[in-house]
Amino acid sequence: GVFSRFMPLFRDPEFRVYLSILLVATIMLSLSLLRNGVYDGVFTAVRHASFISASIVTTTGFGTEDFHQWSEFSKGLLLLLMFIGGCAGSTGGGMKVVRFMLFAKIIRLEIEQAFRPNVVRPLKVFGTTVENSLRHEVVVYFSLVLFIFISSWMILAAIEPDSQWQQEGHSQAEKLLDCASAVAATLNNIGPGLGVLGPHSNYAEFSSPGKLLLTLLMLLGRLELFAVLDSSTVEVIAAYQSRPVDEDLVQGDPAALYAL
């Protein structure tokens, strides 16, 4: 039947984790919205919480409500959701769910090995053993994202004048959160952020140097960190462009194609 065609999708571990993240985020946001009196009805709270959660995680950038008016807990949760993104192979931004799955497994194995050093347990995902080189790449990737986020956040907070926020009636504490959400939203290609760049606002309040930094972050997040930052990529391209022309390749020799 129709449901049997979708069963392989629901058997996929990454998709199940993806749905679980959306479900947990929706429940937590709904409870926070009801507890703080943002919405009176349960259906209204769940509807807005589920839509905004899906919009943030899928990096589509839609917004039906000004979630900057929500509670501080809700805004903090949305800020964390900006880093998750879609599943592996999707065109969405973020760090991807499969990387979080791998990172959680790596942390669990490292903790187990710290207390039981004689235990040798392979890291498996989707039933396949993960090589140590891939484990290293995942840890490096998370460290790189954390470093870029913190350093860009501090740079943006430093170059943006405090007077700009005071003129708009915002405090310096709000500026710190706005800068953090701006970096997270551009690095993960979310779109709207919090505060002065919420769903009812835009990035016009930021200075020209700030907009340049955010533009670079958006490019960095869209093209994947390793592809942009790896200097060997540039070297490979330069070597490829300066390579001698293979006459067999020009004449269409299949053996020359496999040699590339």
Side-chain angles (χ1 to χ4, degrees), residues 14 17-30 32-33 48-88 90-104 138 141-157 160 174-203 205-206 210-211 213-225 228:
E14 184 184 17
V17 173
Y18 181 73
L19 290 182
S20 299
I21 292 173
L22 284 175
L23 179 61
V24 172
T26 299
I27 293 174
M28 296 177 68
L29 284 174
S30 301
S32 177
L33 294 174
H48 288 300
S50 59
F51 184 88
I52 295 300
S53 297
S55 177
I56 294 295
V57 173
T58 57
T59 69
T60 49
F62 293 111
T64 55
E65 287 289 302
D66 187 6
F67 44 77
H68 182 66
Q69 304 301 324
W70 292 2
S71 65
E72 297 300 317
F73 171 80
S74 300
K75 290 187 286 186
L77 182 58
L78 292 178
L79 186 63
L80 294 177
L81 289 177
M82 291 181 183
F83 288 92
I84 295 177
C87 296
S90 70
T91 57
M95 299 172 66
K96 302 297 187 296
V97 174
V98 66
R99 285 195 178 106
F100 282 93
M101 294 174 60
L102 282 170
F103 190 69
V138 171
Y141 183 86
F142 271 82
S143 303
L144 193 58
V145 170
L146 180 62
F147 173 77
I148 293 175
F149 170 72
I150 295 178
S151 59
S152 301
W153 178 20
M154 293 295 99
I155 293 174
L156 187 62
E160 289 298 318
E174 290 177 306
K175 173 195 171 184
L176 200 62
L177 179 60
D178 293 350
C179 291
S181 67
V183 172
T186 51
L187 182 61
N188 299 293
N189 298 129
I190 303 299
L194 302 173
V196 296
L197 49 101
H200 293 175
S201 305
N202 50 50
Y203 291 79
E205 301 295 335
F206 288 90
K211 291 176 183 175
L213 174 62
L214 296 175
T215 302
L216 294 176
L217 289 173
M218 183 178 63
L219 180 64
L220 194 63
R222 182 71 278 176
L223 299 180
E224 282 289 343
L225 298 180
V228 178

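For clarity, every value in this text was computed on a predicted model and none was experimentally measured.
- For the pair Y18/I84, no side-chain contact is recorded, criterion being any heavy-atom separation below 4.5 Å from C-beta on.
- The backbone N or O of K211 sits less than 3.5 Å from a side-chain atom of T215, completing a donor-acceptor pair.
- Distance CD/Q69 to NZ/K75: 7.5 Å, rounded to 0.5 Å.
- Put simply, OG1 on T60 and CZ on F51 are 6.5 Å apart, with the number rounded to the nearest 0.5 Å.
- Legend: residues meeting ring-ring contact (aromatic ring centres under 6.0 Å, His included) with F103, ordered by chain and number and at least two apart, are F142.
- Summarising the geometry, atom CG belonging to N189 is positioned 12.0 Å from atom CE belonging to M82; distances are rounded to the nearest 0.5 Å.
- In this structure, F67 and G193 approach most closely via the heavy-atom pair CE1-O, 3.1 Å.
- Side-chain atoms of R99 come within 3.5 Å of backbone atoms of M95 as a donor-acceptor pair (strictly under, hydrogens ignored).
- Minimum interatomic distance between L156 and C179 (heavy atoms only, all atoms of both residues): CD2-O, 3.7 Å.
- Partners of K96 by salt bridge (charged side-chain N to carboxylate O under 4.0 Å, His left out), not counting sequence neighbours: none found.
- Contact check for L81 versus I21: side-chain heavy atoms found under the 4.5 Å cut-off.
- At least one donor-acceptor pair closer than 3.5 Å links the side chain of S30 to the backbone N or O of T26.
- Residues V98 and A88 come closest through the heavy atom pair CG1-CB, 3.7 Å.
- Rounding to the nearest 0.5 angstrom, the gap separating the CG atom in L213 from the CZ atom in F206 is 10.0 Å.
- Counting only heavy atoms from C-beta outward, the side chains of S152 and L187 never approach each other to under 4.5 Å.
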What verdict does the side chain to side chain contact (heavy atoms under 4.5 Å, CB included) test give for M28 and L77, after you've listed the backbone C-alpha separation in whole Å, the side-chain angles of each residue and the deciding distance to 0.1 Å? CA-CA 9 Å; M28 296 177 68; L77 182 58; 4.0 Å; yes
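- Here CZ of F73 is found 10.0 Å from CG of L33. Values are rounded to the nearest 0.5 Å.
- Across E72 and L177, no two heavy atoms sit closer than the pair OE1-CD2, 4.5 Å.
- Shortest non-hydrogen contact noted between S53 and L29 is OG-CD1, 3.1 Å.
- Here L217 contributes atom CG and I148 contributes atom CD1; the two are 7.5 Å apart, rounded to the nearest 0.5 Å.
- Side-chain atoms of T59 do not come within 3.5 Å of backbone N or O of I190 as any donor-acceptor pair.
- Residues meeting the side chain to side chain contact (heavy atoms under 4.5 Å, CB included) test with L146, sequence neighbours left out: I150.
- Between F100 and F83, the shortest heavy-atom distance links the atoms CE1-O, 3.6 Å.
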